[in-house]
Amino acid sequence: MLDRDLIRRHPDTVRHGIARKRLDVSIVDQFLAADEQWRATLLELERAQAESNRISKNIGKLMAEGKRDEAEAAKAETRDLKARIAELEAESRTHEDALRQIELDMPNLPHDSVPDGDADTIFQVVREGGHLRQFDFTPAAHWDLAERLHLVDFARGAKIAGSGFPVYVGAGARLLRAVITFMVNFQTERGYQEVFPPYLVNRASLVGTGQLPKFEEDLYASTDDLFLIPTAEVPITNLYRDEILDADALPIRLCGYSACFRREAGAAGKDTRGLQRLHQFDKVEMVKFATPETSYAELETMTDDAVAVLEALQLPYRVIEICANDIGAKGSKQYDVEVYSPAMEKWLEVSSCSNFEAYQSRRANIRYRPEPGAKPEFVHILNGSALGIPRVYSTILETFQRADGTIEVPAVLQPYFGGGHLGG
RNA sequence: GGAGAGAUCGCAUAGUGGUCUAGUGCGCCGCACUCGAAAUGCGGUGUGGGGCAACUCACCGUGGGUUCGAAUCCCACUCUCUCCGCCA
């Protein structure tokens with residue numbers, strides 16, 4: 001959601017930003033029209049309510065003075081007014097709902113620092129690190145390694161749940177837990193407070209972070225109007241929904257592990273081999289609540305925090321800045337962190353770090369008080385993966401495989417895994 | 001799952017149909033007193049919307065209803081607490 005006053009006063013600024021994202025700018029005019037209608041109706045409604053309040057208050061006074069006849073006369077007077085108010089209330093609500101719907105669909109604007117893209121350019125590489133390993137044998141793909149060493153049972157996962165629900169077994173399960181614990185501890189030591197959230201959330205939470213109302217078909221729904229979380233971003237960000245935060249507490253830096261559930265509707269068949277794209281997967285997520293003054297600096301350090309995990313694991317990576325035409329609707333600025341798969345010979349996204357500015361905080365109503373006694377302002381909210389685990393996991397298998405078929409466990413994971421290698 | 005109690009302006013409480021545009025205490029802010037502090041006194045102190053000034057509307061867990069008028073009465077729901085049952 002954007003600031004209503006910004007859209008009213010500077011519609012061209014909003015149109016320009018939406019155009020940079022290559023999204024439909026006509027939503028601005030839809031907003032302005034709906035807003036006009038709503039405000040006109042509201043004005044009329046409030047006039048009628050003020051009149052009604054005045055009369056009712058007077059009736060009370062007349063009753064107290066014992067002037068029953070005059071009171072009865074006043075009651076009769078309000079009959080038409082009452083009907084009119086009911087009418088206007090309904091009308092106003094209709095207009096407000098329409099406005100709200102448009103507002104929830106309105107994308108965020110890209111930050112000035114975000115480069116424009118074009119049909120061929122959707123990102124810029126801003127940083128690279130590590131060395132691509134040179135193999136003196138042909139590296140096997142992670143799904144072959146996983147099967148050969150009995151780390152992941154894809155077939156039985158498909159049997160008990162469906163494709164995209166891998167079962168990690170034996171040393172494979174142990175390695176998964178090692179990676180999760182390593183990542184959470186790693187970020188906790190870098191100043192994030194750990195959160196272990198619920199895996200189901202209500203509708204209001206998903207509206208708060210922007211998954212609803214637009215993307216309901218991407219979510220697994222449960223009974224009781226609860227949904228399985230597609231990312232820990234949802235529960236963690238919504239921890240402070242409808243709250244006013246203490247300015248002294250900012251920035252708040254949280255991280256948490258969760259399983260993530262995505263229907264991936266429409267993505268079937270594309271890059272789904274092995275652990276690349278799953279319906280259930282594990283991820284450690286970072287969420288920050290910051291003042292507008294510091295949010296862009298926080299985005300840089302958050303991205304560094306994601307990168308640091310790969311450095312610790314000694315995996316080659318690159319950081320790309322997403323151009324305006326490919327940033328998600330919610331974000332103002334976005335960096336993706338990618339890791340290199342030597343067997344598939346391509347870069348895999350393992351983190352996406354975004355500053356949403358006040359887009360989510362307006363939806364979720366999360367504010368802070370800049371000064372004691374000052375009016376509350378919306379906080380800036382950021383999030384990023386630290387990291388998406390299956391692609392890191394698969395890259396570890398591929399990158400650290402040896403000619404004899406075993407796999408070396410990265411040094412930082414060994415204390416968690418309790419051993420130096422897989423297989424053999 | 002069953003029975004009961006509760007949800008009021010940061011906290012605690014009052015309020016059971018008409019100056020409640022919600023009282024009081026604590027906390028907080030300002031001022032006075034003081035060398036300073038404490039104590040004391042006085043004043044102020046919620047959120048959101050529209051106008052963006054005067055002003056006005058809404059909000060007493062949420063949503064409906066009754067009424068000229070609802071924090072107050074009725075219905076449904078949510079959450080919290082107590083007890084019982086069940087259970088990892």
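To find a chain, count down the sequence lines: A is the first, B the second, and so on, and within it residues start at 1. Heavy atoms only: backbone and side chains are in, while hydrogens, waters and symmetry mates are out.
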Complementary nucleotide of B/rA54, counting Watson-Crick and G-U pairs under 3.5 Å: none
Could you check which nucleotide pairs with B/rU40 in any of the strands shown, counting Watson-Crick or G-U wobble with both distances under 3.5 Å? B/rA32
Whole-Å P distance, B/rC57 and B/rU21: 11 Å
B/rC9 and B/rG46: how far apart are their C1' atoms, nearest whole angstrom? 5 Å
Now, which nucleotide makes the Watson-Crick or G-U wobble pair with B/rG63, with each of the two distances under 3.5 Å? B/rC75
Work out how far the C1' atom of B/rU67 is from that of B/rU78, and round it to whole angstrom. 27 Å
Say we look at B/rA12 and B/rC81: how far apart would their P atoms be, to the nearest angstrom? 15 Å
What integer number of Å spans the P atoms of B/rC74 and B/rG4? 15 Å
Identify which nucleotide among B/rA58, B/rG18, B/rU56 has an atom closest to any side-chain atom of A/S56, counting heavy atoms from C-beta outward. B/rG18
Which nucleotide in B/rC57, B/rG64, B/rU47 has an atom nearest any side-chain atom of A/P376: B/rU47
Partner of B/rC26 under the Watson-Crick or G-U wobble criteria, both distances under 3.5 Å, comes out as B/rG10
Would you say the side-chain atoms of A/D305 and A/Y192 include a donor-acceptor pair closer than 3.5 Å? yes
Take atom CG of A/N202 and atom P of B/rC77, then tell me their distance rounded to the nearest Å. 18 Å
A/E300 and A/Y335 side chains, donor-acceptor separation under 3.5 Å: yes
Would you mind telling me which of B/rG50, B/rG69, B/rG49 lies closest to the side-chain atoms of A/K82? B/rG69
Would you compute the distance between atom CG of A/D97 and atom CD1 of A/I102 and round it to the nearest 0.5 angstrom? 11.0 Å
Centre of A/W38's six-membered ring, under 6.0 Å away, within 45 degrees of the axis: is that where NZ or CZ of A/R8 sits? no
Can you tell me the distance, in whole Å, between the CG atom of A/D242 and the P atom of B/rC79? 16 Å
Suppose you measure atom C1' in B/rG17 against the same atom in B/rA22; what distance do you get, rounded to whole Å? 15 Å
Check: A/D336/A/S352 side-chain N/O donor and acceptor closer than 3.5 Å: yes
Residue A/K75, side-chain atoms from C-beta onward, closest of B/rC68, B/rA58, B/rG50: B/rC68
Taking only the side-chain nitrogens and oxygens of A/R8, find out if one of them lies under 4.0 Å from OP1 or OP2 of B/rG50. yes
Does a side-chain N or O from A/R47 land closer than 4.0 Å to OP1 or OP2 of B/rC57, or not? no
If pairing requires Watson-Crick or G-U wobble contacts with both distances under 3.5 Å, which nucleotide is the partner of B/rA88? none
Choosing from B/rG51, B/rC57, B/rC68, which nucleotide comes nearest the side chain of A/A50? B/rC57
Rounded to the nearest angstrom, tell me the gap between atom CD in A/E377 and atom C1' in B/rG48. 14 Å
Check whether the side chains of A/K283 and A/S258 place a donor and an acceptor atom closer than 3.5 Å, and report yes or no. no
Quick one: look up who B/rA70 pairs with, Watson-Crick or G-U, both distances under 3.5 Å, and put none if it's unpaired. none
Taking only the side-chain heavy atoms of A/R367 (C-beta and beyond), determine which of B/rG48, B/rG50, B/rC57 contains the nearest atom. B/rG48
By nearest atom, which of the nucleotides B/rG49, B/rC68, B/rG51 is closest to the A/I59 side chain? B/rC68
Nearest-angstrom distance from the residue atom CZ of A/R100 to C1' of B/rG49: 13 Å
Nearest whole angstrom, please: distance from the P of B/rG46 to the CZ of A/R369. 9 Å
Selected nucleotide, minimal atom distance to A/R9 side chain, candidates B/rU47, B/rG50, B/rC52: B/rC52
Using a heavy-atom cut-off of under 4.0 Å over every strand shown, decide if A/R93 touches base, sugar-phosphate, or nothing. sugar-phosphate
Tell me: CD of A/E70 to P of B/rG69, nearest whole Å? 20 Å
What I want to check is whether the side chains of A/E357 and A/Y296 have a donor and an acceptor closer together than 3.5 Å. yes
In whole Å, what separates the P atom of B/rA14 from that of B/rA7? 9 Å
Give a yes/no on whether any side-chain N or O of A/N53 is located under 4.0 angstrom from OP1 or OP2 of B/rU21. no
Under 3.5 Å on both distances, the Watson-Crick or G-U partner of B/rC83: B/rG2
Of the nucleotides B/rG48, B/rG49, B/rG18, which has the atom closest to the A/W38 side chain? B/rG49
In terms of the nearest nucleotide of RNA chain B, which residue is placed more toward the 5' end: A/A74 or A/I244? A/I244
Would you sort out whether A/E44 and A/Q49 count as a side-chain hydrogen bond (donor to acceptor under 3.5 Å, both in side chains), showing the intermediate values? CA-CA 9 Å; A/E44 216 182 319; A/Q49 282 173 327; over 6 Å; no
How long is the line joining CG of A/L45 and P of B/rC57, in whole Å? 11 Å
Residue whose nearest RNA chain B nucleotide is more 5′ - A/R4 or A/K57: A/K57
Starting at CG of A/L43 and ending at C1' of B/rG51, how long is that distance when rounded to a whole Å? 8 Å
Could you give the distance separating B/rA70 and B/rG1 at their P atoms, to the nearest angstrom? 35 Å
